[in-house]
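Below is one structure, written out as structure tokens; comments come after it.
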2 protein chains.
Amino acid sequence: MLPHSLMSKNCNIPSIKTSCSSCSLRELCLPVGLTAQEVGTLDHLVNQRHKIRRGEHLHRAGLDFHSLHVVRTGFFKTYVLQEDGREQVTGFHMPGEVLGLDAISADTHTCNAVALEDSEVCELPFAKLEGIGRTIPSLMHHFHKIMSREIVRERGMLLLGGMKAGERLVAFLLNLSHRFARRGYSPLDFNLRMTREEIGSYLGLKLETISRAFSRLQEDGLINVNNKRIRLNDIDHLRRQYGSSSCE
Amino acid sequence: MLPHSLMSKNCNIPSIKTSCSSCSLRELCLPVGLTAQEVGTLDHLVNQRHKIRRGEHLHRAGLDFHSLHVVRTGFFKTYVLQEDGREQVTGFHMPGEVLGLDAISADTHTCNAVALEDSEVCELPFAKLEGIGRTIPSLMHHFHKIMSREIVRERGMLLLGGMKAGERLVAFLLNLSHRFARRGYSPLDFNLRMTREEIGSYLGLKLETISRAFSRLQEDGLINVNNKRIRLNDIDHLRRQYGSSSCE
DNA sequence: GCTCTAGTTTGATTTAAATCAAAACAAGAT
DNA sequence: ATCTTGTTTTGATTTAAATCAAACTAGAGC
């Protein structure tokens, strides 16, 4: 199974029945029109998986730093350490999503990735991807789309600048919901893997503010909060009231 | 046939002496070891320039929507229009920088780009770039680096989340300064092309807050402000006090 | 069961930025 | 020059979020 993210939008393969909803490279590539042989080349690339235990860092796992990593199972957060020691969370990543797109331009510092639960990733040496992409233009094109989408995703964070705390949190929840749905998980009832503090860091708010925003949304009946378990009671209302979240 | 020498990260081409500091595709490619013929192929691509007058939009200029555009002269801002009609500024772009990396994943909405002064861009049809990249791997790799750097740039905006108004403004000024320097303009004394409101939108602040932050920095002797003209008096102090800005 | 720790919730207070408002300023057009 | 119009500055006030602080969970390990 492979990165959903490596899939073009219309090859959404609605019915992936594997326990975890990430799709295989094979599934990824067939719709693009690859030959069986070509697909074979790719399969061999991604067949071995690396286990990363909860709390472990990705780049400490002995993997090549200049590789992309596709999350197969589990959940990651990425962050940068600032000069003053504070940790700025830059993203959360679920199965099917790609880590390491920022490391290609090696001259700039990159994020650290840490597993928020026991996870598995597969490694995609970047040089190899470029090589294969040369012989399979559609795959290369697809990869460009993934990178572009990452740019759009990051850009979406700018929209938070104009929002109040509650709106930011809703945008965050809607975004998670959307991504869970895309991967085949329940979009209305899910477990947060990260702490209030990590959410706050990501959204530019303090943990107490996150907590209060959760409570407020529950008072209003829009969501149910039980520690890390979240249920969205009225997603339409959430969407209407707080604008469409940036979709991944 | 082709020298496979990967473009080293120091492809920074320190000495670009053309009047405007944008680097031509030729200058961009020669250090990679392209043959004259290959460079010729590229040159023909970018030789015609499109003029965009102050206030005009890029995509309204009759250019192909699925092209990248390289700013040759002038200055652009990009923004997205939100449902409620508010305009969120997503970036500012000076000569040598690439517009349209977000449009590759066409399924997601993209930014609008508008010229903040009379400008020129050259067009780079994306399909063509992919085609050429297939025969010139080092060029493709370089393009990947550019995309990756854009991701890092956008990510840098997340760091603003933890900053106060004054710090955000300094980070912004240092970032501009760094980019001006890179393009051969004066890094300590420059004209802002955008309004206080546009800066505010970009940084997640109101225009009055931007104005006050400018005044404060001037009181402290760190900068001189005269309407749109800015002089950085003590860039080291700025850097120390406010942390290193995200470098492009 | 208990203890210990990390995480969460809630309250009281302070502070930074938004908001409301008005004046000063600059650039163009006439 | 004057009259626009749009931008910037500064002030007074309000408000949202940060901060400080304490109580309350939930889990992990014993």
Side-chain angles (χ1 to χ4, degrees), chain A residues 53-55 75 77 84 86-89 92 114 116-118 160-173 191-220 223-231 241-242, chain B residues 53-55 75 77 84 86-89 92 114 116-118 160-173 191-220 223-231 241-242:
Chain A
R53 265 195 294 273
R54 182 169 193 271
F75 205 86
K77 81 166 173 187
D84 57 9
R86 291 190 308 105
E87 156 182 323
Q88 168 69 53
V89 174
F92 301 104
V114 60
L116 295 184
E117 58 183 73
D118 291 355
L160 295 179
M163 297 184 190
K164 297 193 186 307
E167 296 170 324
R168 293 188 197 203
L169 183 57
V170 170
F172 175 69
L173 292 175
N191 263 312
L192 298 175
R193 271 77 166 191
M194 70 296 285
T195 68
R196 305 286 191 261
E197 188 169 19
E198 288 164 333
I199 299 174
S201 173
Y202 185 57
L203 299 179
L205 299 167
K206 292 297 169 191
L207 69 102
E208 296 96 327
T209 306
I210 298 295
S211 179
R212 279 184 242 271
F214 269 129
S215 301
R216 185 73 213 287
L217 288 169
Q218 182 163 237
E219 276 174 38
D220 297 349
I223 69 174
N224 268 43
V225 189
N226 191 307
N227 202 10
K228 289 218 162 27
R229 177 136 223 105
I230 305 290
R231 177 197 304 261
Q241 184 149 355
Y242 295 92
Chain B
R53 264 194 295 274
R54 182 169 193 270
F75 206 86
K77 80 167 174 188
D84 56 10
R86 290 190 309 106
E87 156 183 321
Q88 169 70 52
V89 174
F92 301 103
V114 60
L116 295 184
E117 59 182 74
D118 291 354
L160 295 179
M163 297 184 189
K164 297 194 187 306
E167 296 170 325
R168 293 189 197 202
L169 184 57
V170 170
F172 175 69
L173 292 175
N191 264 312
L192 297 176
R193 272 76 166 189
M194 70 296 283
T195 68
R196 303 287 190 261
E197 187 168 21
E198 289 164 333
I199 298 174
S201 172
Y202 185 56
L203 298 179
L205 299 167
K206 293 296 170 188
L207 69 104
E208 296 96 328
T209 305
I210 299 295
S211 180
R212 279 184 240 272
F214 269 128
S215 301
R216 188 73 214 286
L217 288 169
Q218 183 162 237
E219 276 173 38
D220 296 350
I223 69 174
N224 268 44
V225 189
N226 190 307
N227 202 8
K228 288 217 162 31
R229 178 136 221 105
I230 305 290
R231 177 198 305 261
Q241 184 150 353
Y242 296 93

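Below, chain A is the first sequence line, B the second, and so on; all start at residue 1.
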- [ ] With the side chain counted from C-beta on, respond yes when T195(A) and L207(A) share a heavy-atom pair under 4.5 Å apart, and no when they do not.
- [x] no

Task: side-chain contact (heavy atoms from CB on, under 4.5 Å) between I210(B) and F172(B), worked out - done: CA-CA 11 Å; I210(B) 299 295; F172(B) 175 69; over 6 Å; no

Task: Heavy-atom closest contact (V114(B) atom, G55(B) atom, distance) - done: CG2-O, 3.4 Å

TODO: Compute the bend angle of the helix from dG1(C)-dC30(D) to dT30(C)-dA1(D) from the end axes (five pairs per end), rounded to 10°.
DONE: 40°

- [ ] Tell me, yes or no, whether the heavy-atom count around R229(B) atom CZ, taken from other residues, nucleotides or ligands under 6.0 Å, exceeds 12.
- [x] yes

Open item on the list: Please check: side-chain N/O of S201(A) versus main-chain N/O of E87(A), any donor-acceptor pairing under 3.5 Å?
Closed with: yes

Task: Within residues 204-216 of chain A, residues whose heavy atoms come under 4.0 Å of DNA chain D - done: G204(A), L205(A), K206(A), E208(A), T209(A), R212(A)

- [ ] Applying side-chain contact (heavy atoms from CB on, under 4.5 Å), run through E167(B) and V170(B) and close with a yes or a no.
- [x] CA-CA 5 Å; E167(B) 296 170 325; V170(B) 170; 5.7 Å; no

- [ ] Count the heavy atoms of every other residue, nucleotide or ligand shown that sit under 6.0 Å from CD of E197(B), and state whether that count exceeds 12.
- [x] no

- [ ] Name the first nucleotide and the last nucleotide along DNA chain D (5' to 3') that come under 4.0 Å of a heavy atom in chain B.
- [x] dT7(D) to dA12(D)

Task: side chain to side chain contact (heavy atoms under 4.5 Å, CB included) involving E117(A) - partner list, sequence neighbours excluded - done: F75(A), S119(A), R193(A)

Task: Within-4.5 Å side-chain heavy-atom neighbours: L160(A) and M163(A) - done: yes

Task: Test side-chain contact (heavy atoms from CB on, under 4.5 Å) applied to E198(B) and L116(B), step by step - done: CA-CA 11 Å; E198(B) 289 164 333; L116(B) 295 184; 4.1 Å; yes

- [ ] Pull out every residue in residues 192-200 of chain B that has a heavy atom closer than 4.0 Å to any atom of DNA chain C, ordered by number, or say none.
- [x] none

Task: Residue pair M194(B) / Y202(B), side-chain heavy-atom distance below 4.5 Å - done: no

What nitrogen or oxygen pairs link the protein and nucleotides 27-30 of chain C at under 3.5 Å?
none

